[in-house]
Amino acid sequence: MLESEKLIQIVQAWLGYIRLEELTQAEVERSSDIYSKVVDKGVQLVGNKLLLDSEVFTQFQQQQQAAKRGNKNDVQMAVAFPQIYIINGKGKDQKLKYLPLFTIDISPIFKGNYRKTGWDLTEYEFQPVVVNLMRLYGLEEEQAESLIVASGIGKFLEDTFKGRFPTLRDFLELVDLPEVKYKTSRQPYLLRCDFTPYNALLKQDLQEIFKELQQPDSKAEWLTETHPAMQYICGQPQLPRDEVIFWGAFPDHAPDEFQASVLKHAQENLLTAVCGPPGTGKTEVFLHLIAQQVVDRALRLVRGEDDANNLILFVGTNNSTIKKFQQRLTKNSPAQQFYLPGGNQTNIRKSTAAASMLTPLHC
């Protein structure tokens, strides 16, 4: 039997990561049901302090208490400002989607008593919503990945928005607001951020596992060293075998030692995760992977084997990432033989129409 403490730490880390994902949702829809995800009435920002009407505070405190009684996760509440949102649809189908630039987690305040004098927001944890900072303020990917958050929200706002803001209210009044298709208001708002559809089932499973691990006499089948799940969670990653060979490399330069290990791993495994800060060669790995797949297909044809699917789908969280990848791809290779760009429906239709004119790739 493995040490339960180690497992508890792993599960807590997973739940912590999901919490960060929930705090950094790019779009939050303002629903009209009894538990609205966005609340702006009875919410004020004075200096660095958040002021809430007692009715608003009581409403969320009761929701949090109800969740605790039902053995569910705490209701996770955050504050964001300014209000930036888009309107989709008309009439009954109209939907408002808010785009927070950052969120300040104020969930802890609902575990205490109401404060008429408010709460100092600089004392609470905050998370930048990188996607929206890039989308609304043109932040480059390298800038977004190097945002300074450890020094507090004041320093973060000054560095990110290139201004001096003595208080959070000053930031709200002075920051430039996006125009054109966005609706804006220089007011704070609360948002519930304790649910994301793509994480919902995983979060539920992890919560159940966490409860099970906290039981003193837990005898679950999977809590054994030989179970595949435990080998995956706690085992040592297997290094790629030396005899694994990759044939392709992109014209720029040969892969370095770490890139080569990724390529070897990808040949033997369905999933390969590559992590690293900007400038460490992650994009080159994808380029080498494309070259490897093209050469592998050519070798299959030379040997008289059946042709194989040569499709690679490259996706990113923003258009900038995709464009940079396309530029790298087309630098030394004829683009029309390698990829069809995606994006909106117009781009896809144009690309599909152009596909009929492509010449086959002969290796």
Side-chain angles (χ1 to χ4, degrees), residues 12 15-31 33-85 98-129 132 149-157 160 165-173 175 185-196 199 203 207 210:
Q12 284 179 322
L15 289 170
Y17 176 78
I18 291 176
R19 173 178 167 273
L20 292 181
E21 287 249 305
E22 292 171 338
L23 283 169
T24 55
Q25 294 179 69
E27 296 182 355
V28 180
E29 185 176 319
R30 181 170 191 156
S31 55
D33 55 24
I34 189 170
Y35 293 140
S36 177
K37 288 186 178 179
V38 174
V39 174
D40 54 7
K41 293 182 180 179
V43 182
Q44 301 179 62
L45 185 63
V46 179
N48 286 330
K49 286 198 169 185
L50 171 70
L51 304 182
L52 298 179
D53 286 359
S54 59
E55 294 83 1
V56 174
F57 177 86
T58 302
Q59 173 189 346
F60 290 114
Q61 188 177 58
Q62 290 175 346
Q63 290 180 27
Q64 196 170 79
Q65 291 171 349
K68 188 175 182 179
R69 287 194 298 270
N71 291 321
K72 297 180 180 179
N73 235 27
D74 290 342
V75 173
Q76 191 159 276
M77 295 296 304
V79 62
F81 47 86
Q83 294 184 22
I84 304 173
Y85 58 95
Y98 284 71
L99 313 174
L101 304 177
F102 54 86
T103 58
I104 304 175
D105 185 5
I106 58 169
S107 304
I109 75 173
F110 299 106
K111 296 180 181 179
N113 297 322
Y114 177 70
R115 295 183 192 173
K116 191 174 181 180
T117 55
W119 296 264
D120 188 343
L121 292 178
T122 62
E123 297 176 357
Y124 295 87
E125 180 185 352
F126 79 97
Q127 292 294 331
V129 183
N132 288 338
V149 297
S151 301
I153 190 168
K155 177 66 173 172
F156 161 77
L157 294 177
T160 305
F165 311 109
T167 68
L168 298 180
R169 184 71 206 187
D170 291 321
F171 166 78
L172 182 55
E173 296 293 341
V175 66
S185 174
R186 295 186 185 275
Q187 294 295 328
Y189 62 99
L190 305 185
L191 63 154
R192 282 191 64 165
C193 43
D194 48 10
F195 176 81
T196 50
N199 276 337
K203 180 179 179 180
Q207 288 171 342
F210 186 66

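Fair warning: this is a prediction, and the values are worked out from it, not measured in the lab.
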Pairwise distance [atom1]([X]) to [atom2]([Y]) - rounded to 0.5 angstrom:
X    : Y    : atom1 : atom2 : value
T160 : K155 : OG1   : NZ    : 10.0 Å
M77  : Q59  : CE    : CD    : 8.0 Å
L99  : I84  : CG    : CD1   : 7.0 Å
Q76  : Q64  : CD    : CD    : 10.0 Å

With sequence neighbours excluded, residues passing salt bridge (Lys or Arg N to Asp or Glu O under 4.0 Å) with E27: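 With neighbours one apart ignored, the set is K97, R135.
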Results of salt bridge (Lys or Arg N to Asp or Glu O under 4.0 Å) for E29 - residues two or more places apart only: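 Partners of E29 under the salt bridge (Lys or Arg N to Asp or Glu O under 4.0 Å) test: none.
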Would you say that [X] contacts [Y] through its side chain, given a criterion of any heavy-atom pair below 4.5 Å between the two side chains?
X    : Y    : result
L121 : F126 : no
W119 : F57  : yes
E55  : T58  : no
Q127 : D105 : no
L190 : F60  : yes

So which heavy atom on [X] is nearest to which on [Y], and how close?
X    : Y    : value
L51  : G118 : CD2-CA, 3.4 Å
P82  : L101 : CD-CD1, 4.0 Å
V56  : K41  : CG2-O, 3.5 Å
A78  : T103 : CB-CB, 3.8 Å
Y124 : I104 : CB-CG2, 3.8 Å
F165 : L157 : CE1-O, 3.7 Å

Below 3.5 Å, can you tabulate the donor-acceptor pairs from side chains in residues 43-50 to any protein atom, sequence neighbours excluded?
| from | atom 1 | to | atom 2 | distance (Å) |
| --- | --- | --- | --- | --- |
| N48 | OD1 | L168 | N | 2.9 |

Taking [X] for its side chain and [Y] for its backbone only, find out whether a donor-acceptor pair lies under 3.5 Å.
X    : Y    : answer
R192 : V39  : no
N132 : P100 : yes
Q61  : G112 : yes

Geometric class of the F102/F171 ring pair [parallel <30°, tilted 30-60°, perpendicular >60°]: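 Plane angle between 30° and 60°, so tilted.
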Neighbour count above 12 (heavy atom, 6.0 Å) for Y114 OH: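 Yes.
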